[in-house]
Amino acid sequence: MPDPTTVSYFGLPGYVFLWLIAIVSFFFFVRRIARLIRALNRARPEMRWDRMPRRIRTFVTNVFVQPRIFNERTFGAAHFFIFWAFVFYASSFFWNLIRGLFPVVPLPYADDVPFVAFMMEILTVIGLAGLVVMAVRRYILTPEGLERTFDASLVLVLIAALFVSFLGMEGAKGLTGEHASAWTPAGNLLGRGLAVSGVDPESAQPIFSAMWWLHMATVLFFLAYLPYSKHGHLIFSPFAVFFASLRPGSMPPPSEGAARLEDFTWRQVFSGLACAECGRCDRSCPAYNSGFPLSPKDLIHEMKHAFLASLPAESEARASSDEGSRGGNGKRFVGDVIAADAIWACTSCLACMDRCPVFNEHVPILTEMRRHLVTEGELDERVQEVLMNMTRYGNSFGKSPRARARWAKGLDFKIKDARKEPVEYLWYVGDYASFDPRMTEITRTTAEIFHQAGLDFGILHEGEQNTGNDIRRVGEEGLFDLLREKNRGVLEKASFRRIVTTDPHTYHALKHEYGSGLAGENGMEVLHYTELLDELLHEGRLQIRNPLEGRLTYHDPCYLGRYNGVYKQPRRVLESLGRKVVEMPRNRSNAYCCGAGGGRIWMEDVAGVTERPAESRVREAAGLDGVSTLVVSCPKDLVMFQDALKTTGLDDKLVIKDVMELVAEAVRPIEEE
């Protein structure tokens, strides 16, 4: 088959036209990318070049294997195969482009190499099948949050044109018998089909040339168009993965908050370019699904529009459009584009980030905006009250610090004061376990079980203050710093080997946000009580005297599960007690938030809420066959779910139990029952 680049068209060799098309394509591509980079440089700097080996591993795993594409059980495989077909096509295309631009180079075209031709044919067929599936998903079985846009349709057409034009070339070769081998099964089959349909072998050359030019022109147009298109994420998302946060639950760099686009970091702004608008974040968001005015996808979408409207060479062209007021050119992104009610709706549960296939960082973006609102005094009255209580008393309940250990009165043993004598385990009790009347009996039970296991433990009494986890998520970074310094001062004077806490929010703050030398990778070991119970049962320090029967289900707290990956230990504890753990449909990393995190437990609901997250969760538990107990391992979960039972009328079908209550039933001597 003659080389299309050496054939003469209008008196000029084909490679001249290929050069012209390529130059135009690369000009528009490079110009667009350069403008985007210049605009990103206006955002706040942020270090994302650290720990390169881990970044490379994250990149390779999540770009080439794409595990997050499969976190929704439908259509993940289709996207995966389309991606790999795209990668192979891109590699083969640039190979062919170099060969076409320099016809004197003694290099065969990619599809003239048997193995490469075979792989391209297989991937083309699989990619076409995947494309059909994706088209059905977008236009027939459209999931919530997935948009039908002209841009998306054009990209699907362009991808289809790539596949069809390549198969057209292979079919033309098959028609002439040029590729009559086992390496080109699709080409051979298509060639026979063309012959049967009456196509003359002499027509193979014009068919091949037409398909070749269509293929090359489509790819070059696609290249120029992509950075202008919604599907620019095909270019940008690999960089988003590479520059992802290596600890997704970490807070954004210290700042006074963000109101304008320029106030965010470059990686936060880059989220808009990388977003695939797949809607996974919305489908996992408890606020969005409860009717709160927050859509994580729209948040990132609006950030992209604001960013694009701020591009130097395009802002004037858009001056007459509504996109010019989306937060670019110095205008407020907070308030003008994203409403305060949407910002305060976030529970900081991390579900959106955990599900995002391109590792966008919705929660840090919302935290930046909350910091600004706190600075401006634009926050819920109840939250203002809590902040005042934290400042005055060191707890969210506004109770005297001297009342923090009042729950311990009446115990038949004395709990050590870890400030005055060394202990092996420092029990950081937390606000809700110390002050909420619904929790204090469970707190007493916890102390009794620790005592029964022979633990050498103590507490800080009035020296303990709230660790500030939720205060920080509210956006009050200054108050968090104050609480952290006070707590660090007390902890540094105490003598202990391990810290244990019953509150996942406290657990996360102590383990990750109090600095090395106290806790974390290079400091003191911090345990959640389910981790400690798992150890005690495994070592035999707690004996099962009264095996429990029946079925129960377990709720994974966000700050224990998604933030810290603790899933196995609570389940091992429950299974060791004799009860059968029945999983809810949404469990482990996919568990649905109770709605308390991010300070939401202190805030009033807004108009339009259909069903609170906690109500949705108890309905999910109550719907399990033979399950009448929902087990929690977080004080806030217990409070939220007990309230939800009343508002849903399920209090006669479901009971909320803390893990420690069940452990106490199983390990206490029979005569105490």
Side-chain angles (χ1 to χ4, degrees), residues 4-5 9-10 12-43 82-83 85-102 149-166 211-240 266 269-277 301 303-321 323-324 326 328-329 358:
T5 63
Y9 304 94
F10 307 105
L12 294 173
Y15 65 82
V16 173
F17 296 97
L18 185 61
W19 268 102
L20 290 174
I21 299 172
I23 289 171
V24 171
S25 174
F26 279 97
F27 170 77
F28 282 103
F29 178 85
V30 171
R31 186 179 71 165
R32 178 66 165 185
I33 296 299
R35 286 176 177 168
L36 294 175
I37 292 174
R38 285 198 300 270
L40 282 172
N41 283 334
R42 298 202 303 269
I82 289 175
F83 166 79
F86 181 84
V87 169
F88 204 86
Y89 260 83
S91 303
S92 300
F93 165 75
F94 283 106
W95 177 345
N96 286 341
L97 181 63
I98 292 172
R99 170 64 179 81
L101 292 175
F102 303 98
T149 63
F150 171 79
D151 183 77
S153 301
L154 177 59
V155 169
L156 285 176
V157 169
L158 290 172
I159 295 174
L162 294 178
F163 291 155
V164 171
S165 59
F166 175 74
M211 292 296 103
W212 192 91
W213 281 107
L214 174 62
H215 188 80
M216 299 300 286
T218 300
V219 176
L220 288 169
F221 175 77
F222 205 174
L223 178 68
Y225 177 67
L226 264 184
Y228 296 86
S229 128
K230 154 184 137 47
H231 281 73
H233 72 270
L234 293 171
I235 302 170
F236 305 123
S237 58
F239 294 95
W266 71 266
V269 176
F270 190 73
S271 294
L273 296 177
C275 180
E277 299 181 24
H301 187 66
M303 180 162 277
K304 179 179 74 173
H305 278 294
F307 175 69
L308 295 180
S310 71
L311 293 181
E314 297 180 31
S315 55
E316 287 125 18
R318 299 189 183 195
S320 60
S321 72
E323 288 190 349
R326 291 179 182 265
N329 300 321
V358 299

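- Taken from CG in Asn96 to OG in Ser91, the straight-line distance is 11.0 Å, to the nearest 0.5 Å.
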*asked:* Could you go through Ser310 and Arg42, starting from their C-alpha distance and side-chain angles, then the distance that decides it, and tell me whether this counts as side-chain contact (heavy atoms from CB on, under 4.5 Å)?
replied: CA-CA 10 Å; Ser310 71; Arg42 298 202 303 269; 3.2 Å; yes
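- Applying the side-chain contact (heavy atoms from CB on, under 4.5 Å) rule to Val219 yields the partners Phe93, Leu162, His215; only residues at least two apart in sequence or on another chain are considered.
- Atom CZ in Phe270 sits 12.0 Å away from atom SG in Cys275 (nearest 0.5 Å).
- Leu226 CG to His233 NE2: the interatomic distance, rounded to the nearest 0.5 Å, is 9.0 Å.
- For Phe88, the CZ atom is densely surrounded, since the number of other residues' heavy atoms within 6.0 Å is greater than 12.
- Pairing each heavy atom of Ala224 with each of Pro227, the nearest pair is O-CD, 3.6 Å.
- Classified by interplanar angle (parallel below 30°, tilted 30° to 60°, perpendicular above 60°), the ring pair Tyr9/Phe17 is perpendicular.
- Counting only residues at least two apart or in different chains, salt bridge (Lys or Arg N to Asp or Glu O under 4.0 Å) contacts with residues 88-102 comprise Asp3-Arg99.
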_Phe236 and Leu36: CA distance, side-chain angles, deciding distance, side-chain contact (heavy atoms from CB on, under 4.5 Å) verdict_ = CA-CA 11 Å; Phe236 305 123; Leu36 294 175; 3.4 Å; yes
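- Note on ring orientation: taking the six-membered ring where Trp is involved, the planes of Phe26 and Phe29 are perpendicular (angle over 60°, cut-offs 30° and 60°).
- No side-chain heavy atom of Phe28 sits less than 4.5 Å from a side-chain heavy atom of Leu223.
- The structure places CG of Leu12 at 15.5 Å from CH2 of Trp19, a figure rounded to the nearest 0.5 Å.
- The nearest pair of heavy atoms linking Leu311 to Arg32 is CD1-NH1, 3.4 Å.
- Looking only at distances, no side-chain donor or acceptor of Tyr225 sits under 3.5 Å from a matching main-chain atom of Leu154.
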*Could you check Met216 against Leu18 for side-chain contact (heavy atoms from CB on, under 4.5 Å), going step by step and ending with a plain yes or no?*
CA-CA 8 Å; Met216 299 300 286; Leu18 185 61; 4.2 Å; yes
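- Taking the side-chain contact (heavy atoms from CB on, under 4.5 Å) definition, one finds that Ala161 meets it with Thr218, sequence neighbours left out.
- Separation of atoms NE2 (His231) and CD1 (Ile159) is listed at 6.5 Å; rounding is to 0.5 Å.
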_side-chain contact (heavy atoms from CB on, under 4.5 Å) assessment of Trp212 paired with Thr5_ = CA-CA 10 Å; Trp212 192 91; Thr5 63; 3.4 Å; yes
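- From Ile21, atom CD1 reaches atom CG of Leu220 across 6.5 Å, with rounding to the nearest 0.5 Å.
- Residue Val358 comes nearest to Ala274 through the heavy atom pair CG2-O, 3.6 Å, listed as atom of the first residue, atom of the second, then distance.
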